[in-house]
Structures are given as structure tokens and as C-alpha cells.
Number of protein chains: 2
Amino acid sequence: MQDVADAAGVSVGTVSNVLNHPAKVSPATAERVREAIGRLGFVRNDAARSLVSGSTNSVGMVLADIENSLFIDMAHGAQDAARAVGQNLLLANTACDMRLQDDYLDLFDESRVTGVLLAPMEDSSSGIARIRSHGRQVVLLNYAPKPGTCCSVLVNNEHVGYLAARHLIDTGRTRLGYVVAHDDYQPVRDRRRGVRAAVEEAGPGVTLEEIDSVGLTAAHGHAVGRDLARRAPGDLPDGLIVVTDALANAIIHELHILAGVRVPEQVAIVGCENNRGAGTSAVPLTAVDMPGRMMGQEAIRLLMDEVASGKQHRHATVVLEPELIVRASAPR
Amino acid sequence: MQDVADAAGVSVGTVSNVLNHPAKVSPATAERVREAIGRLGFVRNDAARSLVSGSTNSVGMVLADIENSLFIDMAHGAQDAARAVGQNLLLANTACDMRLQDDYLDLFDESRVTGVLLAPMEDSSSGIARIRSHGRQVVLLNYAPKPGTCCSVLVNNEHVGYLAARHLIDTGRTRLGYVVAHDDYQPVRDRRRGVRAAVEEAGPGVTLEEIDSVGLTAAHGHAVGRDLARRAPGDLPDGLIVVTDALANAIIHELHILAGVRVPEQVAIVGCENNRGAGTSAVPLTAVDMPGRMMGQEAIRLLMDEVASGKQHRHATVVLEPELIVRASAPR
DNA sequence: GACGCGTCTTGAAGCGCTCCAAAGTCTAGC
DNA sequence: GCTAGACTTTGGAGCGCTTCAAGACGCGTC
């Protein structure tokens, strides 16, 4: 910066002003300084800037699973909203590894980001508490915080389950199956409650069987699908609520393509996330849509709110409603 | 830091040593300092650290399209490799917006990251030149740089096209179609060359028709699929090479599911990226696999190499070979 | 007891920037 | 010609840390 100042025949203070408060500098001087900056290839040092200002204009976003398009949608929404308020969004993927998650939380903490958006797959209260205790703001996505610990943006996951089950019941299915795994993951727990509520509401004519999958990936879905295909026809549920799309697609594949169990005629299937690709799978998937983009936007809004209002901030939870998207795997 | 020093009854220099050179400090003192750090909730300021050291231990990765699982794979591979050498990986998504890409390149430049990994969808020489001229190291992914400007990790995209076409020819298809769009995107251009080479090699018994799609998304694929479905049966290619998986899946859907044109019996289809989900679509997709993870790893290796060897570094290009994955849409 | 030699610890310089009080410059008005 | 007031520019303090020369301390040796 001193070099630039010398080259332009001004002081460093003026160079700084050209960069940060152009109105304070006369047009002629500013032009000279800018020319020198260009000629010398000067890049201001962000570390020094934020050392002085005590903050940055970046928001850190820690994502548990970048493979899942829901998380990608959240990142998209957050990015749009962040840029609208002059913040950059930095992404970090933990691949469901809590150690990595803690590392990234600390990294963002140490780099004094404006705030952190966290979309975890497990309870993360300790990490949140740690960086919050340093004054770092956190907004939790798709995972309810311990009451009063931070802001959060959730989807009404109970209603996700309810909508899925209700749709099957409304279209005449009476022997429902709920394929589920990873029951310690909070959104999954919530969905189950919704499924049960819909079944109870329907009365004794509708039954519910819970079918355990070992995990949430496609491979697990194939295993479940094969098991189901082996059942006697009368023993098969006529409607399946599947807790994730990846699982649902794999089950459809085993049932419909490989085993000849027709979807939706024999078994109607509803997925719970409406991931990218849900519409182009073997049988386009009826699914409950999670509004990922909007979640990201809301999260940034809450974060900037908290940053702006300082001490008198009150934590808020925004709950967005899911929406059923009807496709061929469980038609109207 | 001064507070910690006071609390532990030592000087700031000692606190710094506890954090960075524990061997220099007696165990008893170190313990006292650590206790004070914990009690006071001290978080060291990364900005000040990197201001002094002139560098960080983060690598920035700028991705053109986080929706495409190839990019996600690259991020995964890079993350693993980066952590193995003590670097954090920060992700940024440009959503194919060159202005955003430039902003993120500058952001990483200003924050003095160890280096930048860039996976663009357009020629980015000006951005690369800009930050390289400031001494920032860049490795380009899946896009050949101007000769001699930086290191890069590529896939032999010509061979991608060749493998796809060759497989169809080897399995007896004679009227090939190549569905393509976005021909200014370098990898796409390369693939076409490979397709043509395979067809020429096969001699006059094999014909090639190039079918223009307007874009690379699923919606474009549906349009192409509908057009094809309307053709007289004899007019339809019996083998289709499709430049991306998303496009291929949409075409399969239109042809096989909606129009009753059987895949692979009437038309065999090969995709070119082997994205996530290629195996679970309506008809599991035969596709040429891009080794995304390994690309990410190699990129970090090249970057750290360049950082370590300084002046005497010579740019290198690593070209990885693709591999054909045979599935139902174009069986053996 | 003086000395030398490790081992620990200290304190200050300086990284590159922003901010601000103070100084400098210019114009208009009397 | 002098001055008030507006506009520009300057130069130095200080952000929080690392590093390093120099000082303090302990201990064995002559």
C-alpha cells in the first residue's frame, strides 16, 4: 500500500480512502491512485483489513451432506440472500463427520466470519455453544436447536410425514408401510410422528407397518426393495411412505423394474424430500417438497438480523411448510 | 491474548508459544496457560495470525456448478487430500455466473489462501491471470488452461466420446446420434472429436448424426426426447451418445416411458459423466465415468507441489482416463 | 564462588490496514 | 488583505498476533 501511495504521490491514508471512502477523495487523486493500483497489481490484504475492523464480510456455511440436493438448495438460497446484503458465502462440507464439522466451526470462528449457518445431521449443541460463547452468531438449519440457544429455520417435518401418509389414504390405500432409518436424526423422528398422526386420524380401516432400513442410501433401499419383492402379494403394503428420495428410488427400481411389482398400481410410493431427479426416475416420484432455497434465504435473514440487533436480539425459529408434489408413483 | 497472559501470570509471547511451539514451554506453564484459555474462552484471531505469517492454511475451491455430482466428487477428493496435508478446503459456488466467479477468485486472493482450485464452465484465463499475477497459485480442473499459464487436472474427454461411441459400434449399432449442446464448453468440444474418431474408424457401415440440444439441463433433454419420439422408426438412430447424464435421463424418460420406444432394444443410450443416480434411473444408464474424486486429489497435490517448490516450479497437466460403465441402457 | 551452558520466559518490533485528529488548501465574502 | 468554512490530504495510533534477540534462571563443574 505504501508502494501505491509513493507511486501516486499521496499518503497511505489517501489510498485507503480511495478504496473505502471514495467520496472523501478528489476525482483527480482517486484516478491517479487507481492507476497506480492497477499498474502495481496491488491486492489489499484481507487479513489486515479484518484485523482492524474486527469482522469480515463473509458468512460461513457448514453443510453435513453436500450430496443431498436439499443442502445444495439451501446453499443456493443462502448465497443469493447473502450477496444481496453484501456478504460472501463460504461453504464447507463435513460429509457427516462430526470432527470435521467441529474443525470447520472453529475455522470460521477463528476467521471472525460475520456468522455461521449450520445444517447438521446430528445434535451439534456442543459445537454451537462453543462458538456462540465467543460471540459468533449461528443459525441452525433443518435441525431444531436446544430451546433458546440460537435461531433456526426448520421445515414442519411432522407435516411432511402427515402429507405423505394422508395422500396415500386419500387415494384409497389402506395398508401403509413407512420405510425409515436413522431414527436418531431429528427430522426423521418428526416425520414418523406425522405419519402416525395421519393413520390414527383415518381410523381402524387403515393400518401402518414400520419397515426398518439400515441406512438412508440407495444401497439400503435396494435391500429393502428386494425384501419387499419376496413377500406374498397380500402381505405387501399398498402404499409406502419412504423417508428419503434416494431410498424411495431404489425401492421403486427393485419393485417395479426388477420384480415386476407395479408402481403405483400395486404399491403407491411417496418420498419425503423431493430431491433433484425425483421427477425423472423410473417412475417419477410423488414426494413432499422441502423448500431448501427459501430455508437458506431465511437463515441469512435471521443471521443478519441477529448481527444488526446485537444485545437485544431474541432468538427466532422459522418453520416453513412442506408441499406435496404429485407424480406417477402415487397419482391423485 | 493479553488477558490470557495476565490470567496465567505469563507474557503474551509465552501464550503464543503454547499455541504454536508447545515444546518451547515447560509443561507446568503450558498447563496453566491452557487452563486460562479454556476459562476465558479465548479464540485466537486468524486475521492477525495470517497478517503476521503472510499466509493461511486454507485452500479455496471455486466450483461452477455444485448441482453436478462431478463437481461434488472433485470437492470430496480435494477435501480429503487437503486435510491430509493440514489444509482446510473452502468451497464457493458460482452457479455458472462469471461475475460471481471473479468475485470469489478475488475474495480468495485477498484472503491470501494457500491456493485456489478452479473448476469453471467457461474460459477463465483473465481471472486466472489476474490472481496469478499477484502470486496466488491456481490449479484448473476439467478445463485446459492456456498453455503454460497454470497447472491443471483434466480428463481425456476425447476418449470419453470415443469410448461411448465405440461401445455402441462394438455392440452392433450402426446409425449413431450424438446429442450435444453448449459446444463452446471445452470438454464438450473434446467429446465430439472422440465420437467422430470412433465413427470414422468404424468405416462406412456406421453413420453419425449430430442432434442439437439447446442446453444441458433435463428440460432440454425432454424436448429432444419428444422430437426423437415423433420420428418414423426407420429414421431413429439405433444408438445415442448423450453429452451429459441429465440430458440422457430425460431422453430415456421421454422415449422409453412416455413414447414406448424401447431402450435399449430400439435405441441404446450412453451418457458421458456417470453422475450420481445414473444407476437408478428408469433404465439404468450406461455411462462413461469421470474420476471426480481422483481429480480433486490430484489438484491438491499439484497445488501443494507448486507452493513448495516456489520459483523453480514447472506447470504440469495431469490427464486422467475415463472408464465405461456398462448398464442396461446400452448393454454389452 | 565464579563460570558456562542449557532451558524458559520476556518484551518489543512489525505484519498491512483503517480511522481520525490535525494540518493544509481553496474560495467567497467583507 | 483577512478570515470563516468547506473540502482534501496527511501521518500516526492501534488492531492481535508471531518471532526473535536478550534476559532470567537453574544446575553442574572447576
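A note on names: the letters A, B, ... follow the listed sequences, proteins ahead of strands, and every chain is numbered from 1. Remember, predicted model here, so these are calculated numbers, not experimental data.
- Looking only at atom types and distance, the side chain of A:Glu273 has a donor-acceptor partner in the side chain of A:Asn68 under 3.5 Å away.
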A:Asp109 vs A:Arg130, salt bridge (charged side-chain N to carboxylate O under 4.0 Å, His left out): CA-CA, chis, key distance, verdict
CA-CA 10 Å; A:Asp109 192 12; A:Arg130 187 174 64 250; over 6 Å; no
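- Summarising the geometry, the separation between CD on A:Glu31 and C1' on D:dT9 is reported as 18 Å, rounded to the nearest angstrom.
- A distance of 11.5 Å separates OG1 in A:Thr114 from CZ in A:Phe108, rounded to the nearest 0.5 Å.
- Counting to the nearest Å, the P atom of D:dG16 and the CG atom of B:Leu19 are 16 Å from each other.
- For the contact set between residues 43-53 of chain B and DNA chain C, defined by any heavy atom under 4.0 Å, the members are B:Leu51, B:Val52.
- In this structure, the CZ atom of A:Arg112 is 8 Å from the P atom of D:dG16, given to the nearest Å.
- In this structure, A:Glu298 pairs ionically with A:Arg301, as a charged nitrogen and a carboxylate oxygen lie closer than 4.0 Å.
- Close to C:dT9, at under 4.0 Å from its OP1 or OP2, lies no side-chain N or O of B:Thr14.
- Side-chain atoms of B:Ser26 and B:Thr29 include a donor-acceptor pair closer than 3.5 Å.
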Just list the side-chain donor-acceptor pairs under 3.5 Å for residues 2-9 of chain A, sequence neighbours left out, or say none.
residue, atom, partner, partner atom, Å
A:Gln2, NE2, A:Asp6, OD1, 3.1

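- Atom pair A:Lys24:NZ and C:dC19:C1' shows a separation of 7 Å (rounding to whole Å applied).
- The side chain of A:Phe42 lies closest to C:dC17, out of C:dC17, C:dT10, D:dT18.
- As judged by a 4.0 angstrom heavy-atom cut-off over every strand, B:Ser16 is placed among the base-contacting residues.
- Separating the NE2 atom of A:His134 from the C1' atom of D:dG16 is a distance of 16 Å, rounded to the nearest angstrom.
- Between A:Asp6 atom CG and D:dG11 atom C1' the separation is 13 Å, expressed in whole Å.
- Note on B:His21: every side-chain N or O is 4.0 Å or more away from OP1 and OP2 of D:dT18.
- For B:Ser26, counting side-chain heavy atoms from C-beta on, the closest listed nucleotide (D:dT10, C:dT10, C:dT9) is C:dT9.
- A:Gln2 places its CD atom 14 Å from the P atom of C:dG14, with the value rounded to the nearest Å.
- Rounding to whole angstrom units, CG of residue B:Asn17 and C1' of D:dT19 are separated by 9 Å.
- The existence of a salt bridge linking B:Asp73 and B:Arg276 is confirmed by a sub-4.0 Å separation between a basic side-chain nitrogen and an acidic carboxylate oxygen.
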